[in-house]
Structure formats: C-alpha cells, structure tokens
Amino acid sequence: MPQPQKPRNDSNKQQHRINEQIRVREVRIVGDDIEPMVVPTRQALDMARQQGVDLVEISPNAEPPVCRLISYSKFLYQQKKRQKELKAKQTKIEVKEIRFGPQTDEHDYNFKLKHAKEFLSDGDKVKAYVFFRGRSILFKEQGEVLLLRFANDLEEYGKVESMPKLEGKRMIIFIAPKKTGGNAKKAEAQHEELPAERAPKTAPKVKEKKEYQGPRVEGEDF
C-alpha cells in the first residue's frame, strides 16, 4: 500500500503542516468524495494512509483546524496553479497619454488614433487631452468636439470612462480597453484566418515614449 509522503525541506514546509506534524487532538477533514467531518487526528491519519494520500492542514486557525486528504505534491501543484491564475488576473494596466492641440490637422489626428488603437488592443488605458496655450483656450469647444470624435473612432477598441473635462489648460478624456490584453491576440487570430489576398497589411509595432506629440505642423497652437 502506498505510504504518505514525508515532508519536503522547501519553502512550503513552513506554510502547511502535514501528517505527523499535525499535533492537535482533532481536525475537520475535507477531500474529494468525502463528506466534511470532525474526527480525532489519529483517525484522520489512518484514513490518509488507507487512501495512500497525505493529511494536509489547510486552515490551521479554524476550530478545529481543517485538513485535506490529498497527495501533498498534488496539493502544492494546485496552489501554484491558483497563484498563477490570480497573478494573471491582476495584470497591471498602464495609462498611455496622447496629446492634441485645439487645431490638430487630419494627418496628425490619424497618426495618434493609430497609436491609441494599439494601446487599447494591448490592454492599456488611454488618457487623451487637448492642451490649450495662451489664447487658444478660446477654442475649448473645438477641443471637446475633437475628443468626442476621438472616442467615437475608438468605439470598437475601448469605452469612455468619463466625458471630456477641462482641468486647468487641459481638456481630458479617459478611454479604457474593452477586453484587457485580449483584443490584440484576437485581432492576430482573425488576421491568420483571412485569405492572403484579403489579409490587412500591418506595420511592425514601434515602441514610443509615453506621450505622443506627432508631426509638428506649422501654425498649430501647442
């Protein structure tokens, strides 16, 4: 009959007591196909031996402590897998800034729109703003229209978190990705499914600085 594993000398040894390390009088046992019950610790150890698994303490502060009947190596694997999944869900979202002038031309607008689509596809949030310098604050309505157009053109990639708001010399709008980190992979998958003659041509992604000024146009008020 297979015997329970001996405690391994690793970092997990201090996190979970197993088998004879559990020295309380009784425990509540749980496990696959087992109805939770409170039994003397010695009886729980006998049950573990009969099933060829370990008695692993998972809630030492409970009254009585909760132990699971499971192979210790399998338990460690499940713990590691769960931590990896939680870490993936907690992926940090960066905020990318895109700056406009109140009289941004069409070429500059499209240049920045392209980068905004890339940011949102990668799961990043976009902070777009129009900067008013000097008397250009007179064009604040024009700046608001520009930001609303920008949000509308990004409708497939992100959703507006707040409407354009004037803060000092800046009118700001925030756009969050619809699916964090997922749009880029989805787009790549769709690209692979298209026939070669219909597949869109995409330029290689270029790392840029956080704030994109775009091509400077003579006469634009920044």
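Numbering of residues begins at 1 and proceeds along the displayed sequence.
- Leu147 approaches Met171 most closely through the heavy-atom pair CD1-O, 3.2 Å.
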(request) Just do the side chain to side chain contact (heavy atoms under 4.5 Å, CB included) check on Leu55 and Ile29 with the steps written out, would you? (result) CA-CA 8 Å; Leu55 185 67; Ile29 58 172; 4.1 Å; yes

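- Listed by chain and number, the residues in a side-chain contact (heavy atoms from CB on, under 4.5 Å) with Arg25 amount to none (sequence neighbours excluded).
- Checked against salt bridge (Lys or Arg N to Asp or Glu O under 4.0 Å), Lys127 has the following partners two or more places apart in sequence or in another chain: Glu97.
- Between Glu118 and Lys114, the closest side-chain pair of non-hydrogen atoms falls below 4.5 Å.
- Counting heavy atoms from C-beta outward, Asn152 and Phe150 have side chains that stay 4.5 Å or more apart.
- Not counting sequence neighbours, the partners of Asp153 by the side chain to side chain donor-acceptor pair (under 3.5 Å) test are Tyr109.
- Atom CG in Leu113 sits 8.0 Å away from atom CD1 in Ile98 (nearest 0.5 Å).
- The SG atom of Cys67 sits 11.0 Å away from atom CD1 of Ile18, with the distance rounded to the nearest 0.5 Å.
- Ser121 places a side-chain N or O within 3.5 Å of a backbone atom of Lys117 that can act as its donor or acceptor partner.
- Applying the side chain to side chain donor-acceptor pair (under 3.5 Å) rule to Tyr77 yields no partners; only residues at least two apart in sequence or on another chain are considered.
- If you take NZ on Lys112 and CG on Asn110, they are separated by 11.5 Å, rounding to the nearest 0.5 Å.
- Checked against the 6.0 Å centroid criterion, the rings of Phe111 and His115 qualify as a close aromatic pair.
- Taken to the nearest 0.5 Å, the CD1 atom of Ile22 stands 6.5 Å off from the CG atom of Leu45.
- Within the model, atoms CG of Asp54 and CD of Gln21 stand 10.5 Å from one another, a figure rounded to the nearest 0.5 Å.
- Under the 4.5 Å side-chain criterion, counting only non-hydrogen atoms from C-beta, Leu166 is in contact with Phe132.
- In this structure, the salt bridge (Lys or Arg N to Asp or Glu O under 4.0 Å) partners of Glu20, at least two apart in sequence or on a different chain, are Arg49.
- Between Pro65 and Pro60, the shortest heavy-atom contact is CG-O, 3.8 Å.
- Residues forming a salt bridge (Lys or Arg N to Asp or Glu O under 4.0 Å) with Glu106 (at least two apart in sequence, or on another chain): Arg149.
- Taking OG of Ser71 as the reference point, atom CD of Gln51 lies at 12.0 Å (rounded to 0.5 Å).
- Met47 places a side-chain heavy atom less than 4.5 Å from the side chain of Leu69.
- Asp124 is not listed as a side-chain neighbour of Pro177, based on a closest heavy-atom distance of 4.5 Å or more.
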(request) Decide yes or no on side chain to side chain contact (heavy atoms under 4.5 Å, CB included) for Glu26 and Val39, but give the supporting numbers first. (result) CA-CA 6 Å; Glu26 59 182 14; Val39 299; over 6 Å; no

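- For the pair Val130/Arg99, no side-chain contact is recorded, criterion being any heavy-atom separation below 4.5 Å from C-beta on.
- The shortest distance between side-chain heavy atoms of Glu57 and Asn19 does not fall below 4.5 Å.
- The shortest distance between side-chain heavy atoms of Arg28 and Val38 falls below 4.5 Å.
- For the side-chain contact (heavy atoms from CB on, under 4.5 Å) test, residues two or more places apart in sequence or in another chain that qualify with Pro40 are Gln43.
- Ion pairing between a basic and an acidic side chain is recognised when a charged N comes within 4.0 Å of a carboxylate O; Arg42 and Asp46 show no such pairing.
- Annotation: cation-pi geometry not satisfied between Arg170 and Phe131 (NZ/CZ under 6.0 angstrom from ring centroid, within 45° of ring axis).
- Judged as a salt bridge (Lys or Arg N to Asp or Glu O under 4.0 Å), and not counting sequence neighbours, the contacts of Glu161 are Lys125.
- Checked against side-chain contact (heavy atoms from CB on, under 4.5 Å), Ile58 has the following partners two or more places apart in sequence or in another chain: Val30, Val56, Val66, Arg68, Phe75.
- When the side chains of ILVMFWY residues are joined at heavy-atom separations under 4.5 Å, either directly or via intervening members, Val126 and Val145 end up in two distinct hydrophobic clusters.
- A distance of 6.0 Å or more separates the ring centres of Tyr157 and Phe119.
- With sequence neighbours excluded, the residues satisfying side-chain contact (heavy atoms from CB on, under 4.5 Å) with Ala151 are Val160, Ile173, Ile175.
- With hydrogens and angles disregarded, a donor-acceptor distance shorter than 3.5 Å links the side chain of Lys178 to the backbone of Glu155.
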